[in-house]
Amino acid sequence: MRFPPRPPADGAAVISAVDRSTRRRAALAVAAVLAVVAVFVVRLVSIQIVQADTLNAEAFDKLSAESSSYGLRGDIVDDDGTVLATTVLRYDVTASPKSVTDFERTKDDGTTEEVTANQAAGEIAAIIGQTADQVYGTLTADPSSNHAYVVRDIDVDAFRAIRDLDIPWLYYASHPKRTYPNGAVGGSIVGFMGEDTSDGSDAETTDGDEANQVGLSGVEQMQNQCLTGTDGVETYERGADGVAIPGSTKTVVQAEQGGTAVLTLDSDLQWFSQQALLARIQETGAAWGTVVVQEVKTGKLLAVADYPSVDPNNIDATPADQRGSVAFQSPFEPGSTFKALTAASVLDAGLADVGTQVEAPFIYTDANGASTRDSEFHTDPLRLTFAGVMQESSNTGTAMLGELLSSEQRYAYMEKFHMTKPSEVGFPAESGGILAPWQDWDDQTNLTTTFGQGVSNTAIQIASLYQTLGNGGVRLPVQLVEGCRAEDGSMTEVPDATGEQVVPSTVSTDVVNMLETVVTGGYAASSLEIPGYRVAAKTGTAQMSDGSGAYGDSYITSVAGLAPAEDPQYVVSVTIAKPVTIESALAAAPVFQKIMSQVLKEKRVLPSTIPAPDLPTTY
């Protein structure tokens with residue numbers, strides 16, 4: 001038997017050398033691992049602590065997106081809060097055609113159902129009033145596209161109904177839209193919105209979408225600063241598919257809503273006035289007309305009716321030249337309603353009183369050779385008092401009394417009654433009337449301006465004249481806007497209501513008393529009287545220009561008046577232009593009677609108890 005050789009005597013030394021070599025290699029390996037770990041730790045610290053803010057910002061920039069949150073335009077409301085203009089959110093629904101596929105929907109009971117693209121199209125179609133084929137055609141028209149409009153400008157109910165279908169390849173966007181709940185009621189006063197070109201060119205009207213829009217007309221333009229909101233800014237994070245990650249939206253800049261423009265208008269009375277005016281325009285075949293209702297003690301406009309009147313919801317249905325307010329923007333020769341100013345001027349100057357007597361011929365020629373005819377033919381001169389001149393609406397009698405004043409004096413009174421400047425309302429493109437300086441008057445103009453020809457005023461100016469006479473001779477600033485109301489209820493931009501004494505109260509009372517004789521004994525009395533109330537009014541029929549500097553065959557008929565005459569509370573002024581079937585103030589008188597009756601009833605004005613003074617009108 002052969003045995004293995006014995007180890008050498010120094011074997012222990014050999015084993016020891018091997019162990020030392022192994023330990024060295026292990027130590028080196030551990031050191032290498034520790035070095036690698038140290039590198040990773042240092043890098044991790046650098047990433048998570050040193051560079052964290054920078055890297056997070058870079059990552060957020062790559063994955064985040066920014067969007068606007070709308071600061072909605074404020075409302076326009078009437079005197080009791082009825083909304084005349086407001087902003088609502090409308091919604092667009094888009095799809096990603098290349099993603100249009102069948103999908104699973106979780107039902108209310110927790111189970112799922114398979115929904116085909118065709119089925120989904122049918123569900124959408126039932127909500128938006130289209131056919132399933134129409135919607136499916138939109139979804140599949142360009143299968144490679146990532147964007148297609150399914151429906152635009154839908155209301156919140158339709159939006160919610162579509163959203164609740166839980167269709168994964170539909171997307172939604174909201175935008176503000178201006179809307180006018182009362183349509184054409186006050187439309188020419190409320191105004192409308194349009195595109196802001198921002199390049200100096202004319203803005204253009206649109207369908208009411210508010211993006212890049214400003215007020216183009218009426219209160220929308222006049223109160224644009226009050227109404228305009230300030231958009232905010234929001235950021236959100238997107239996933240790899242570009243879709244917003246739920247819960248990631250953050251508000252960077254808070255949106256601010258616009259203020260509320262509070263008007264003095266009474267929307268019910270505004271509607272009534274427009275309806276009464278429209279009916280009479282149609283009856284008489286007239287071209288246009290206005291109604292102004294003003295509160296005597298405050299100067300507030302309660303109704304400003306224009307015909308035609310624009311519907312701000314459908315601007316294109318009205319020709320561009322008929323979208324404004326005739327009452328504010330279109331002066332006309334007022335005719336005999338202007339005689340009240342002449343009467344007040346002469347009385348204030350102390351040159352006559354209500355009983356001053358004149359013999360009014362059919363044709364009057366003054367010392368300078370200018371002449372005029374009376375309003376009605378008569379062979380013999382009419383023996384009239386000043387009150388009788390008003391009752392009969394005598395042009396010649398008014399001219400004779402008016403010429404007791406110099407041209408300069410009469411012009412000064414017209415200025416005091418604000419017949420030469422726009423009202424305090426500041427309505428866009430408001431006219432201040434047309435009246436040449438007295439130094440430029442020829443002899444004929446000097447004569448005819450006594451009875452409202454040769455001078456042009458707006459319906460607002462005429463109403464203001466009668467407000468002054470009804471308020472003890474104190475003219476109050478004309479008001480259309482009470483102010484701009486903020487979200488906290490505070491009111492700014494409140495107009496100045498300081499009055500101005502134009503003539504003494506004794507003079508204004510005398511003029512109102514003379515005007516009352518028109519209602520009790522004038523030719524239009526039956527169309528002006530209101531049972532139970534004393535009414536003071538003046539009729540007017542003025543020739544209209546033919547466009548070439550001469551008078552044509554058309555007339556402007558009007559009535560302006562106050563009630564109750566013993567303590568006037570309200571002014572109603574009616575103008576009807578170019579009537580065909582009736583060419584006298586009888587075209588306008590029934591409208592005055594109907595609207596003043598409604599005002600007195602609606603405002604619960606007590607009937608008159610003081611009898612009218614018995615002023616002599618003839619001698």
Side-chain angles (χ1 to χ4, degrees), residues 188-189 273 277-278 280-281 284-294 301 303-309 321-342 372 375 393 395 398 414 417-423 425 427-436 444-445 448-467 478 537-561 571-580 582-589 591-592:
S188 60
I189 302 302
S273 299
L277 178 63
L278 172 61
R280 195 58 175 168
I281 291 279
T284 60
W288 56 265
T290 66
V291 172
V292 178
V293 181
Q294 188 175 22
L301 296 170
V304 182
D306 295 289
Y307 177 85
S309 181
D321 61 352
Q322 296 178 4
R323 295 172 184 169
S325 170
V326 175
F328 277 101
Q329 299 168 329
S330 300
F332 57 91
E333 294 190 44
S336 295
T337 55
F338 197 79
K339 290 174 181 174
L341 189 153
T342 299
T372 187
S375 52
S393 197
N395 291 340
T398 303
M414 293 179 196
F417 278 100
H418 285 236
M419 294 293 107
T420 59
K421 63 182 73 172
S423 76
V425 169
F427 197 85
E430 180 177 355
S431 171
I434 302 172
L435 178 64
Q444 193 65 29
T445 300
T448 59
T449 50
T450 62
F451 52 83
Q453 299 265 198
V455 55
S456 293
N457 298 112
T458 64
I460 297 296
Q461 289 176 309
I462 295 300
S464 177
L465 163 63
Y466 280 75
Q467 177 275 318
V478 182
K538 186 70 195 77
T539 56
T541 305
Q543 286 181 281
M544 295 184 69
S545 171
D546 63 2
S548 63
Y551 289 114
D553 297 329
S554 299
Y555 294 87
I556 286 183
T557 69
S558 56
V559 174
V571 174
V572 173
S573 176
V574 179
T575 303
I576 293 181
K578 299 183 179 181
V580 176
I582 303 174
E583 291 186 334
S584 70
L586 289 174
V591 182
F592 170 87

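The analysis underlying the following values was restricted to heavy atoms, covering all of them including side chains, and did not include hydrogens, waters or symmetry mates.
The shortest distance between side-chain heavy atoms of Thr575 and Phe332 falls below 4.5 Å. By the 4.5 Å heavy-atom criterion applied to side chains, Phe427 and Gln329 are counted as neighbours. A heavy-atom distance below 4.5 Å is not found between the side chains of Phe338 and Phe417. By the 4.5 Å heavy-atom criterion applied to side chains, Lys578 and Met544 are counted as neighbours. The closest side-chain heavy-atom distance from Thr290 to Val574 is not below 4.5 Å. Between Ser573 and Val291 there is no side-chain heavy-atom pair separated by less than 4.5 Å. Within the 4.5 Å cutoff, no side-chain heavy atoms of Leu301 are placed close to those of Val293. Taking the side chain as every heavy atom from C-beta outward, Val304 and Phe328 approach each other to under 4.5 Å.
A search for side-chain hydrogen bond (donor to acceptor under 3.5 Å, both in side chains) contacts involving Lys339 returns Ser336, Ser393, Asn395, not counting sequence neighbours. Under the side chain to side chain contact (heavy atoms under 4.5 Å, CB included) criterion, Ala436 pairs with Asp440, Trp441, sequence neighbours left out. Remark: Pro422 pairs with Glu430 by the side chain to side chain contact (heavy atoms under 4.5 Å, CB included) rule, at least two apart or across chains. Taking Tyr555 as the reference, nothing meets the ring pair (Phe, Tyr, Trp, His ring centres under 6.0 Å) condition, with sequence neighbours excluded. When the side chain to side chain contact (heavy atoms under 4.5 Å, CB included) test is applied to Thr337, the partners found at least two apart in sequence or on another chain are Pro334, Ile462, Tyr466, Ser558, Ala560. With sequence neighbours excluded, the residues satisfying side chain to side chain contact (heavy atoms under 4.5 Å, CB included) with Thr284 are Arg280, Ala286, Ile576, Pro579, Thr581, Ala587.
The distance from the CG atom of Leu465 to the CG atom of Asn457 is 8.5 Å, given to the nearest 0.5 Å. With rounding to the nearest 0.5 Å, the separation of CD in Gln322 from CG in Asp306 is 11.0 Å. Summarising the geometry, atom OG belonging to Ser464 is positioned 5.5 Å from atom CE belonging to Met419; distances are rounded to the nearest 0.5 Å. Distance CD1/Ile582 to OG1/Thr557: 8.5 Å, rounded to 0.5 Å. The distance from the CZ atom of Phe451 to the OG1 atom of Thr398 is 8.0 Å, given to the nearest 0.5 Å. Remark: Leu341 CG to Met414 CE distance equals 6.5 Å, nearest 0.5 Å.
Among all heavy-atom pairs drawn from Gly454 and Leu435, the shortest one is O-CD1, 4.4 Å. Taking both residues in full, the closest heavy atoms of Ala463 and Val571 are given as O-CG1, 3.9 Å, listed atom of the first, atom of the second, then distance.
There is a side-chain donor-acceptor pair under 3.5 Å between Glu333 and Gln453.
The main-chain N or O of Ala585 is found under 3.5 Å from a side-chain atom of Thr541 such that the two form a donor-acceptor pair. In this structure, the side chain of Gln543 does not engage the main chain of Ser554 through any donor-acceptor pair within 3.5 Å.
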